[in-house]
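Notes follow once the structure below has been shown.
Read the numbers this way: they start at 1 and go in the same order the structure lists the ligands and their atoms. Worth knowing before you read on, the calculation uses all heavy atoms, side chains too, and leaves out hydrogens, waters and symmetry mates. Not measured: the values here are computed from a predicted model.
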Amino acid sequence: MTVLDFMIKTEKSNAAAKSGGQTSTPPAPAPADKPLRLILLGAPGVGKGTQAEFFSQKLGLYHFSTGDFFRAAKKLTPEQRTAGMNEAMTYMTKGLLVPDTTVLAIVRENAGKLNCPQGFLLDGFPRTVAQAGALEELLAREKLPLTAVVNYELPMQEIVDRLSGRRTCAGCKAVYHLVTRPPLKKDVCDHCGGALYQREDDKPESIRVRMNAYQQSTMPLIQFYQKRGLLVPIQADKTPAEIFERTLAGLKAAEAAKERKTKK
Ligand code: AMP
């Protein structure tokens with residue numbers, strides 16, 4: 001059984017348990033015979049982080065988010081920060097992309113973790129064709145072929161609405177939305193009681209800059225991965241749980257199509 005089959009089966013049995021009034025059972029450790037190695041693409045605010053949470057919680061995939069890495073660097077004392085981290089923070093606060101050299105240095109430092117037996121999930125990386133090229137070389141060297149590149153699609157206005165209403169927990173990083181996913185108690189995290197805040201780069205001025213950066217630098221990645229037969233487009237216009245189900249189904253269909261092609 002592949003990791004993907006295992007996950008679809010777990011989701012189905014949890015859905016059946018819920019409809020029968022039972023609580024869902026926590027998933028057993030997933031098999032690691034065929035790791036899932038995924039890149040999540042999509043404009044900022046499309047819900048990549050939430051989907052990444054689903055994947056890593058349910059399957060233990062190694063989740064690497066360059067954005068989370070830079071945000072964590074912000075919390076370090078000036079003595080703890082490297083020059084690269086300071087540089088990254090200046091770009092990030094303005095909503096601009098951090099230079100490729102800085103991003104790639106961080107990815108190379110963490111490359112050993114990509115060898116996780118269950119697989120990995122890259123969220124927010126790569127963001128430019130140069131980053132995608134460097135990643136391709138790194139993965140070829142490490143013999144870690146990609147399973148698929150999931151591209152979450154949503155109209156731009158909806159993305160802007162999502163970003164401006166997004167709130168993040170300062171403690172556990174859980175993500176909420178003022179309208180579509182509000183916390184039970186205003187400004188307080190349901191999971192850990194931490195304070196919810198609006199990310200600096202979710203403020204209106206930064207959102208505009210981030211959308212331009214996405215259109216100019218990240219959109220070309222869609223073609224890059226389409227040419228390699230890895231792109232799996234997913235409409236991101238439902239609830240996070242429904243989008244997750246769609247993602248699993250999309251990955252399964254892509255896997256079946258690939259198998260049919262190799263058999264020919
Ligand atoms: P994210 O949480 O992925 O939206 O990232 C937040 C910010 O971190 C971005 O707006 C960029 O300033 C920076 N960042 C994160 N990942 C990258 C990347 N792969 N390349 C360049 N900048 C990045």
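- Note: M89 CE to K94 NZ = 12.5 Å, rounded to the nearest 0.5 Å.
- Judged by distance alone, the side chain of Q235 and the main-chain N or O of L154 form no donor-acceptor pair under 3.5 Å.
- Scanning all protein heavy atoms for the shortest distance to atom 22 (N) of ligand 1 gives V98 N, 3.0 Å.
- Between F55 and F244, the ring center distance clears the sub-6.0 Å criterion.
- The protein heavy atom nearest to atom 7 (C) of ligand 1 is M92 CG, 3.6 Å.
- Between L97 and ligand 1, a contact under 3.5 Å exists for no N or O pair.
- For ligand 1, the atoms closer than 4.0 angstrom to any heavy atom of Q131 are 18 (C), 19 (N), 20 (N), 21 (C).
- When non-hydrogen atoms are compared, ligand 1 lies under 4.0 Å from the side chain of R199 (C-beta onward) but not from its backbone.
- Of all the heavy atoms of T128, none lies under 4.0 Å from any atom of ligand 1, so neither backbone nor side chain is involved.
- Backbone and side-chain nitrogen or oxygen atoms of R210 are examined, and one is located within less than 3.5 angstrom of a nitrogen or oxygen of ligand 1.
- Closest of all the heavy-atom pairs between R162 and V46 is NH1-O, 2.8 Å.
- Between G124 and ligand 1, at least one N/O pair is under 3.5 Å apart.
- Figure legend: R71 and F69 shown without cation-pi pairing, the cationic atom not lying both under 6.0 angstrom from the six-membered ring centre and within 45 degrees of its axis.
- Regarding atom 5 (O) of ligand 1, its nearest protein heavy-atom neighbour is R127 NH2, 3.3 Å.
- Assignment of R71 to the shell around ligand 1 is supported, since a heavy atom sits closer than 4.0 Å.
- When the heavy-atom distances from atom 11 (C) of ligand 1 to T93, L96, T90, T218 are ranked, the shortest goes to L96.
- Note: the hydrophobic cluster containing I39 also contains M219 (ILVMFWY, side chain heavy atoms under 4.5 Å, direct or indirect links).
- Although no hydrogens or angles enter the test, the distance criterion places no donor-acceptor pair under 3.5 Å between the side chain of T128 and the main chain of S217.
- If you number the atoms of ligand 1 from 1 as listed, the ones under 4.0 Å from a heavy atom of F70 come out as 8 (O), 13 (C), 14 (N), 15 (C), 23 (C).
- Note on ligand 1: K94 sits outside its first shell, no heavy atom being nearer than 4.0 Å.
- Remark: ligand 1 and T66 share an N or O pair separated by less than 3.5 Å (distance only, no angle test).
- In terms of modelled atom types and a separation under 3.5 Å, the side chain of D68 and the main chain of F64 share no donor-acceptor contact.
- Panel note: side chain E242, backbone T239; a donor-acceptor pair is recorded below 3.5 Å.
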